[in-house]
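The figures that follow rest on heavy atoms only: side chains count, while hydrogens, waters and symmetry mates do not. As the structure is a prediction and not an experimental result, all values here were calculated from the model. One-based numbering along the sequence shown.
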Amino acid sequence: MNKMKRRGVLALSFAGLLGLGFYAWSANRSEAPAPAPGQKAAASAAQAAPARPVAVEVATVLAVDFADDTTAVGTLKAAESVVLRPEVSGRITRIGFRDGALVNKGDLLIAFDATIPDAELAQARANRDLALASFKRNQELLEKKFISPQALDASAATLKVQEAAVQLAAAKAAKMRIQAPFRGIVGLRDVSVGSYIKEGEVLVNIEDVSSLRVDFRLAETWLERVKVGQSLELGSDALPGQRFVAKVEAIDPQIDPNGRSIAVRARLDNAAGQLRPGMFVRLRLAFGERKGVLMVPEEAIMPGAKPAVFKVVDGKAERVVVHTGIRRDAQVEIVDGLAAGDVVVSAGQLKLRPGAPVTVPGAKPADGAQGKP
């Protein structure tokens, strides 16, 4: 009896498990409830909605007229400059100038003790006079047949030797006197009368500042445009507001292989003495005037293998490859790719892609078009 009850309980349990399994399978097979009509409309509207406009800053391509020029920096140098040094050692006996004074060419600046060189010169002159007298006497004796021609030749050779000795003594004596090699202004001396100076020691410098020269460098792209004789303008921070005119004097024929630049030398008149050697100057070379040059802000240019900008057309960003020219005052010349009046993005390019709608903060949309500046 107990066995029959146990079998009945097992059969009922097994039937219950089968019922639960069938219910679970039926629930998984059932279809999901269909969305309400309002939910379908909202999903369709979300997919059809346009992309969100990107806030950017824009600038207009302007056609301007400006002087086609370039700038450079340089340092003024004297037209003639030299540091005087003695070729021989000696003691200073005379100083013939005042510090910072103007001296003329040939003026005696410094004299050394020349007692010995002067004595040697006097001795050489006496020997030369004696040799000259002997040569003239031998000429008379030869005419009277009292001496041979060989004796006259010997006296002539002796005379030449003594004349050379005079020249040598005179050259040594001249080296004891330092003269101004050109008209100019002497510097500040550090020597005094009585000082013993060794050969090669610095005495004083002399500068010709009546005209000055300035050396500067230009990029090799200006090689065909800069010419000898061309005028340029320069100014110095030491003389604010003043402008001076110089002319190109020479152009180095070799281009610097390191910086790809050319060395140029210009000269300017300084008769008024306002400028001094060593002053730092800024130069400007003008090559004429250009009209209708298209300019955009530097920040509008996106760097890369080919420079490009985002142009705004009907409220959307359009990527345009451009060809750039010179840069000046945070502006870049556009040689090709844009036209005057075009609107370009000057800030916010990193958030853009071609065709993306844009909006300008603070600008009112025109003709109902969102984001059209």
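Counting heavy atoms from C-beta on, the side chains of Phe280 and Val73 come closer than 4.5 Å. Counting only heavy atoms from C-beta outward, the side chains of Pro181 and Leu84 approach each other to under 4.5 Å. A heavy-atom distance below 4.5 Å is not found between the side chains of Phe244 and Asp269. Here the side chains of Ile185 and Ile206 are not in contact, with every heavy-atom distance at 4.5 Å or above. Residues Ile262 and Asp252 form no side-chain contact, since every pair of their non-hydrogen atoms from C-beta on lies 4.5 Å or further apart. Annotation: side chain of Val296 is in contact with side chain of Ile301 (closest heavy-atom distance under 4.5 Å). Under the 4.5 Å side-chain criterion, counting only non-hydrogen atoms from C-beta, Leu62 is not in contact with Leu294. Looking at Lys144 and Leu142, their side chains never come closer than 4.5 Å, going by heavy atoms from C-beta outward.
Counting only N and O atoms by type, the side chains of Asn138 and Glu140 include no donor and acceptor under 3.5 Å apart. Side-chain contact annotation: Ser81 with Glu207, donor-acceptor N/O pair under 3.5 Å present. Side-chain polar atoms of Gln274 and Gln242 form a donor-acceptor pair below 3.5 angstrom.
Taken from CZ in Arg128 to CG in Leu121, the straight-line distance is 8.5 Å, to the nearest 0.5 Å. Between atom CZ of residue Arg177 and atom CZ of residue Phe112 there is a gap of 11.5 Å, rounded to the nearest 0.5 Å. Here CG of Leu352 is found 13.5 Å from NZ of Lys316. Values are rounded to the nearest 0.5 Å. Rounded to the nearest 0.5 Å, atoms OG1 (Thr324) and CE (Met295) are 10.5 Å apart. We find the OG-CZ distance between Ser236 and Arg243 to be 9.5 Å, quoted to the nearest 0.5 Å. Between the CD atom of Gln179 and the NZ atom of Lys105 there is a distance of 10.5 Å, given to the nearest 0.5 Å.
Nearest heavy-atom pair across Ala72 and Arg217 is CB-O, 3.8 Å. For Ala286 against Asp69, the heavy-atom pair with the smallest separation is CA-CB, 3.7 Å. Smallest separation of non-hydrogen atoms from Ala246 and Ala266: CB-CB, 4.3 Å. Shortest non-hydrogen contact noted between Gln162 and Ala131 is CG-CB, 3.8 Å. Of all the heavy atoms in Leu102 and Gly184, the pair that sits closest is CD1-O, 3.2 Å. Met176 approaches Pro117 most closely through the heavy-atom pair CG-CG, 3.9 Å.
Looking at Asp208 and Arg183, no side-chain N of the basic residue comes within less than 4.0 Å of a carboxylate O on the acidic one, giving no salt bridge. Salt-bridge annotation for Arg265 and Glu249: absent, with no side-chain N of the basic residue lying under 4.0 Å from a carboxylate O of the acidic one. Ionic pairing of Lys160 and Asp153 is not present here: no N-O contact between side-chain nitrogen and carboxylate oxygen is shorter than 4.0 angstrom. Between Glu220 and Arg260, none of the side-chain N atoms (NZ, or NE/NH1/NH2) sits under 4.0 Å from a carboxylate O, so this pair counts as no salt bridge.
Lys227 places a side-chain N or O within 3.5 Å of a backbone atom of Glu224 that can act as its donor or acceptor partner. Distance alone, capped at 3.5 Å, is enough to place a donor-acceptor pair between the Asn270 side chain and the Leu275 backbone. Checked by atom type and distance alone, the side chain of Glu120 never pairs as donor or acceptor with a backbone atom of Ala170 at under 3.5 Å. Listed for the Asp329 side chain is no donor-acceptor partner under 3.5 Å among the backbone atoms of Gln331. Proximity of a side-chain donor or acceptor of Glu199 to a complementary backbone N or O of Pro86 within less than 3.5 Å is not detected. Between the side chain of Ser134 and the main chain of Leu130, no donor-acceptor pair closer than 3.5 Å is present. Between the side chain of Asn127 and the backbone N or O of Ala124, no donor-acceptor pair lies under 3.5 Å. Judged purely by atom type and a 3.5 angstrom limit, Ser346 uses its side chain to pair as donor or acceptor with the backbone of Glu57. The closest donor-acceptor contact from the side chain of Thr70 to the backbone of Leu285 lies at 3.5 Å or more, if one exists at all. Panel note: side chain Asp113, backbone Thr115; a donor-acceptor pair is recorded below 3.5 Å.
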field: Candidate pair Glu87 and Lys175, rule salt bridge (charged side-chain N to carboxylate O under 4.0 Å, His left out), full reasoning
entry: CA-CA 7 Å; Glu87 297 183 38; Lys175 293 184 182 299; 2.7 Å; yes
field: CA sep, side-chain torsions, deciding dist, call: Val214, Val281, side-chain contact (heavy atoms from CB on, under 4.5 Å)
entry: CA-CA 9 Å; Val214 55; Val281 292; 4.0 Å; yes
message: Between Asp118 and Arg125, does the salt bridge (charged side-chain N to carboxylate O under 4.0 Å, His left out) criterion hold? Intermediate values first, please.
response: CA-CA 11 Å; Asp118 288 346; Arg125 286 172 176 170; over 6 Å; no
- request: Report the C-alpha distance between Arg267 and Leu212 in whole Å, list the side-chain angles of each, state the deciding distance to 0.1 Å, and finish with yes or no for side-chain contact (heavy atoms from CB on, under 4.5 Å).
  value: CA-CA 6 Å; Arg267 187 178 293 267; Leu212 300 174; over 6 Å; no
message: Evaluate Asp342 against Thr60 for side-chain contact (heavy atoms from CB on, under 4.5 Å), listing each step before the verdict.
response: CA-CA 6 Å; Asp342 286 347; Thr60 303; over 6 Å; no
query: Would Val345 and Val312 count as a side-chain contact (heavy atoms from CB on, under 4.5 Å) if you check the C-alpha gap in whole Å, the side-chain angles of each, and the deciding distance to 0.1 Å?
result: CA-CA 7 Å; Val345 177; Val312 179; 3.8 Å; yes
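Neither Val61 nor Ile326 shares a network with the other; the hydrophobic side chains, linked directly or stepwise wherever heavy atoms of I, L, V, M, F, W or Y lie under 4.5 Å apart, form separate groups for each. Residue Val58 is not grouped with residue Val313 when hydrophobic side chains (ILVMFWY) are merged at heavy-atom distances under 4.5 angstrom, including chains of intermediate members. With hydrophobic clusters built from ILVMFWY side chains whose heavy atoms lie under 4.5 angstrom apart, Val83 does not share a cluster with Val191. Cluster membership check: Leu234 shares its hydrophobic cluster with Val264, using side-chain heavy-atom separations under 4.5 Å among Ile, Leu, Val, Met, Phe, Trp and Tyr. By the criterion of side-chain heavy atoms lying less than 4.5 angstrom apart, applied directly or through intervening Ile, Leu, Val, Met, Phe, Trp or Tyr residues, Val293 is not grouped with Trp222; the two fall into different hydrophobic clusters.
Around CD1 of Ile255, the count of heavy atoms belonging to other residues, nucleotides or ligands within 6.0 Å exceeds 12. The environment of CG in Asp190 is sparse: at most 12 heavy-atom neighbours from other residues, nucleotides or ligands sit within 6.0 Å.
The residue from Val202, Leu203, Ile178, Val204 that alone fulfils the side chain to side chain contact (heavy atoms under 4.5 Å, CB included) condition with Arg85 is Val202.
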Which pairs of donor and acceptor atoms, one on a side chain in residues 91-98, lie under 3.5 Å apart (sequence neighbours left out)?
from  : atom 1 : to     : atom 2 : distance (Å)
Arg91 : NH1    : Gly194 : O      : 3.1
Thr93 : OG1    : Ala111 : O      : 3.2

